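Here the structure is laid out as structure tokens; the discussion comes afterwards.
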Amino acid sequence: MAKKRIGILTGGGDCPGLNAVIRAAVRTARDNGSEVLGVQLGFEGLLSNAVVPLTTETIRGILPKGGTLLRTTNRGNPFEYPDGHGGCTDRSDEVIRAINDLRIDGLIAIGGDGTLRIAQRLCDMGIPIVAVPKTIDNDLAATDYTFGFHTAVAVATEAVDRLHTTAESHDRVMILEVMGRNCGWIALFAGIAGGADIILIPEIAYSPDEVARSIRERQREGSKFDIIVVAEGAKRIGGEEHYLDKVSRRLGGIAYQVAEDIAQQIDLEIRVTVLGHIQRGGSPIAYDRILATRFGKAAADLVADRDFGKMVALRGDDIYAVPIRDAVANPKYVDPEGQMVATARSVGISFGDGK
Ligand code: F6P
């Protein structure tokens, strides 16, 4: 009997730990008696026949590497594929044909929100797909954590530590902008871990007056510097998100807005650092390698069990399979009344809301 064949692809933005998922899935599939085809550039690879065999040899050494061996893109949605004339066309039938022609018995799609939505639509059309969630933003309610998040937090925390020493030496306010899209998880975790004075997140709109007031209060108490960690999706009370590009809705630049907002109200110098893609690049920390390995193994097992339409997820200490449909339906925001925010407030961190 012919060996079962698994396809695997990575879609959306990259994230530390993607290679660890690929490695674990390939090794587990081998143990389950299957062979694996790697599809390059997400679903796009199925339109251009960009597929490579993945064996234990081809994946050797990838566990600690950032990025993705299979490359990725956040364009190339087959349901809304650019037609070259400024419009879009539906090429999902070509994707389905390619999956059949390649004799793929089960496809593991590793990706964020966009990839999961494509996976769900293809599942609805009868394609056997299992999903693995990835995002540094940690914004999926179906899983406690996504791999890549803790690495991004570690990078952002190191940035806070480094800004501390220079802020202290110069009596400056340092504003660090971190990623996270419309969720404040990276800012909240890195802000607490790095001992920030002020954390601004999308879930708690800030008042510039309150931010300035808490800086002046610290000055009165003898501190002449401040560290502000601001999530890229943060906004003023009654204000809007700050976009680098409104059409593509790429967030960015809020740190400059905060600096402008408070400059007239304080007598300290202000400097801004936008951390950007450094949070996404490089080697995953041990936690993310382990979570990614567990996700890869679980995904390959789901394919072997022909339990399709599911996404692997972490709940507590265990890995579960949840319907992809549920996973895409519910984003996970920071709870302004939750324990993490309460802990931050208890140790004196302000959220710029006057509470
Ligand atoms: O979703 C991950 C993420 O890094 C966000 O935190 C950020 O807003 C976005 O992707 C950046 O996307 P791009 O790599 O397309 O600039």
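This is a predicted model, so every value here is computed, not measured. Order of listing sets the numbers, starting from 1, for every ligand and every atom in it.
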Could you list each nitrogen or oxygen of ligand 1 that sits under 3.5 Å from a protein nitrogen or oxygen, with the atom names and the distance?
from: ligand 1; atom 1: 1 (O); to: D137; atom 2: OD2; distance (Å): 2.6
from: ligand 1; atom 1: 1 (O); to: R181; atom 2: NE; distance (Å): 3.3
from: ligand 1; atom 1: 1 (O); to: R181; atom 2: NH2; distance (Å): 3.0
from: ligand 1; atom 1: 4 (O); to: R280; atom 2: NH1; distance (Å): 3.0
from: ligand 1; atom 1: 6 (O); to: D137; atom 2: OD1; distance (Å): 2.7
from: ligand 1; atom 1: 6 (O); to: G180; atom 2: N; distance (Å): 3.1
from: ligand 1; atom 1: 6 (O); to: E232; atom 2: OE2; distance (Å): 3.4
from: ligand 1; atom 1: 8 (O); to: E232; atom 2: OE1; distance (Å): 3.4
from: ligand 1; atom 1: 8 (O); to: E232; atom 2: OE2; distance (Å): 2.5
from: ligand 1; atom 1: 10 (O); to: R181; atom 2: NH2; distance (Å): 3.3
from: ligand 1; atom 1: 10 (O); to: R280; atom 2: NH1; distance (Å): 3.1
from: ligand 1; atom 1: 14 (O); to: H277; atom 2: NE2; distance (Å): 2.8
from: ligand 1; atom 1: 14 (O); to: R280; atom 2: NH1; distance (Å): 2.9
from: ligand 1; atom 1: 14 (O); to: R280; atom 2: NH2; distance (Å): 3.1
from: ligand 1; atom 1: 15 (O); to: N74; atom 2: ND2; distance (Å): 3.3
from: ligand 1; atom 1: 16 (O); to: H277; atom 2: NE2; distance (Å): 3.2

(request) Indicate whether the side chain of E44 and that of Y81 have a donor and an acceptor atom separated by less than 3.5 Å. (result)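 Yes, side-chain donor-acceptor contact under 3.5 Å.
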(request) Please name all residues satisfying ring pair (Phe, Tyr, Trp, His ring centres under 6.0 Å) with F43, sequence neighbours left out, ordered by chain then number. (result)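 Result, ring pair (Phe, Tyr, Trp, His ring centres under 6.0 Å) vs F43: none returned.
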In residues 100-113, what donor-acceptor pairs under 3.5 Å come from side-chain atoms, sequence neighbours left out?
from: N100; atom 1: ND2; to: I96; atom 2: O; distance (Å): 3.3
from: D105; atom 1: OD2; to: R5; atom 2: N; distance (Å): 2.6
from: D113; atom 1: OD1; to: R117; atom 2: NH2; distance (Å): 3.4
from: D113; atom 1: OD2; to: R117; atom 2: NE; distance (Å): 3.4

(request) For R27, check salt bridge (charged side-chain N to carboxylate O under 4.0 Å, His left out) against everything at least two apart and list the hits. (result)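 Applying salt bridge (charged side-chain N to carboxylate O under 4.0 Å, His left out) to R27 gives none.
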(request) In plain terms, say whether D137 and R181 are close enough for a salt bridge, that is, a side-chain N and a carboxylate O under 4.0 Å apart. (result)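 Salt bridge between D137 and R181, a charged N being under 4.0 Å from a carboxylate O: yes.
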(message) Assess the residue pair D261 and Y206 against the criterion (side-chain hydrogen bond (donor to acceptor under 3.5 Å, both in side chains)); give the C-alpha distance rounded to whole Å, side-chain angles, the decisive distance to 0.1 Å, and a yes or no.
(response) CA-CA 11 Å; D261 282 346; Y206 71 90; 3.0 Å; yes
